Amino acid sequence: MPERNHKKIPTSLNQQPLANFKVGVDNVIFSVDTAQNRLLVLLIMRQQEPFLNSWSLPGTLVREGESLENAAYRIMAEKIKVKNLYLEQLYTFGWPERDPQENTGSYGVRYLSVSYFALVRFEEAELIADKVNGIAWYPVKEVPQLAFDHNEILAYGHRRLRNKLEYSPVAFDVLPSNFTLNDLYQLYTTVLGDNFADYSNFRARLLKLGFLADTGIKVSRGAGRPASLYKFDADAFAPFKDKPLVFI
C-alpha cells in the first residue's frame, strides 16, 4: 500500500456534501532494456498547467461510456506501438488536494487517478512522437521530480512489478512466444538486479518446475554454443498459480 497516514475520520465530515469526482487513468509503462541492463519508464512532458513543462506519467481523463481498462489501453495506443505487453490495474489514488486544480470549496472537483502498470520490451516498443512534444524513456533510477503525485505512483508500480515477477508468469506476456533461457534471465536481472540468482540456479529451478517446453529449435548468437528455444506451457504452470516465489 502507498505510505499514507490513515487518520480517524472527523465527525464534522459527515456533514459535508458528497464529493464531485473526475476520474483519470495514469499509466506506469515500464520497458526492459536487456542490452544495457536498464529498467525504463515512459514519461511525457506536460504542455499545459498545472505543472507546465514538467515530466509526468502518461494519463488521460476517462471519456463518457469508456471503461477504465479501455482508457488505459488508449493511453498505450497513443504513446507506443508494441506487440507484446502486460497490463494490470495498480491502485487508486484519490486523497484530497492531490491535484492543484482541485477547488477545495463545497462544490469543488476532486481528481481521482486509477493507475495501471504495463511492461513491454524496449526493443519492441516504438514511440509515437508525431503528436507528442516531449516523450522519452527514463531509467527508473534517474527519474526527476514528476508532476502531481506521479513519483509515488511510479514507486508503487515498481514495487508491484518486482513482486509480480517473483510469483507470476508476467515475463512470458512480454517475451516472444519462443525464447532462450538467457533471454528470460536477462529480463529478470534487469528488473530484480544482478544478485537475485545466478544463471545456473535460475536455469535448473525453472527446468525442474516443468512449465517451460523445449521447442527442439536452436539459435546461434555470437561465438557460443547454439541455445535452445523454449515456450511457456500455461497448462503445466496451472498447479503453481498463486504459489509464492515460484520463479526465484
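None of these values were measured; they are calculated from a predicted model.
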key: Same apolar cluster: Leu39 and Phe172, side chain cutoff 4.5 Å   =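 Cluster IDs for Leu39 and Phe172 match.
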ask   = If two hydrophobic side chains count as joined below 4.5 Å and joins carry through other members, does Val219 share a cluster with Leu212?
value = no
Atom pair [atom1]/[atom2] of [X] and [Y] - distance to nearest 0.5 Å:
X      : Y      : atom1 : atom2 : result
Tyr111 : Asn20  : OH    : CG    : 9.5 Å
Phe117 : Leu87  : CZ    : CG    : 8.5 Å
Leu52  : Met45  : CG    : CE    : 9.0 Å
Ile80  : Leu127 : CD1   : CG    : 7.5 Å
Phe122 : Leu40  : CZ    : CG    : 6.0 Å
Leu187 : Phe179 : CG    : CZ    : 10.5 Å

task = Please assess Asp214 against Tyr230 for the test side chain to side chain contact (heavy atoms under 4.5 Å, CB included), listing each intermediate value before the final yes or no.
result = CA-CA 5 Å; Asp214 192 333; Tyr230 290 83; 3.9 Å; yes
For the pair [X] (side chain) and [Y] (backbone), establish whether a donor and an acceptor sit closer than 3.5 Å, ignoring hydrogens and angles.
X      : Y      : value
Arg110 : Gly94  : yes
His150 : Ser56  : no
Ser115 : Tyr91  : yes
Arg203 : Leu181 : no
Asn27  : Ala72  : yes

State, with a plain yes or no, whether a side-chain heavy atom of [X] is found less than 4.5 Å away from one of [Y].
X      : Y      : value
Trp137 : Leu42  : yes
Asp183 : Arg221 : yes
Leu119 : Val32  : yes
Arg121 : Asn84  : no
Val143 : Trp55  : no
Leu43  : Leu57  : yes
Glu124 : Leu85  : no
Leu184 : Leu206 : yes

Between [X] and [Y], how do the two ring planes meet: parallel, tilted or perpendicular, split at 30° and 60°?
X      : Y      : answer
Tyr199 : Tyr185 : perpendicular
Phe51  : Phe148 : perpendicular
Tyr188 : Phe202 : tilted

Using every non-hydrogen atom in the two residues, find where [X] and [Y] come nearest and quote the distance to one decimal.
X      : Y      : result
Val174 : Val120 : CG1-C, 3.6 Å
Asn151 : Gln145 : OD1-NE2, 3.2 Å
Arg98  : Leu112 : NH1-C, 4.3 Å
Ala71  : Val62  : CB-CG2, 4.3 Å
Pro50  : Asp99  : CG-OD1, 4.2 Å
Arg74  : Glu66  : NE-OE2, 2.8 Å

query = Does Glu166 come within less than 4.0 Å of Arg162, counting only side-chain N to carboxylate O?
reply = no
task = Go through Tyr156 and Val28 one step at a time and tell me if the side chain to side chain contact (heavy atoms under 4.5 Å, CB included) criterion holds.
result = CA-CA 9 Å; Tyr156 192 53; Val28 188; over 6 Å; no
key: Residues Phe232, Leu175; criterion side chain to side chain contact (heavy atoms under 4.5 Å, CB included); working and verdict   = CA-CA 10 Å; Phe232 176 66; Leu175 290 171; over 6 Å; no
Worked verdict on Ile128 versus Glu78 for side chain to side chain contact (heavy atoms under 4.5 Å, CB included) = CA-CA 7 Å; Ile128 301 174; Glu78 291 173 351; over 6 Å; no
ask   = Just by distance, with hydrogens left out, do Ser113 and Asp26 show a side-chain donor and acceptor under 3.5 Å apart?
value = yes
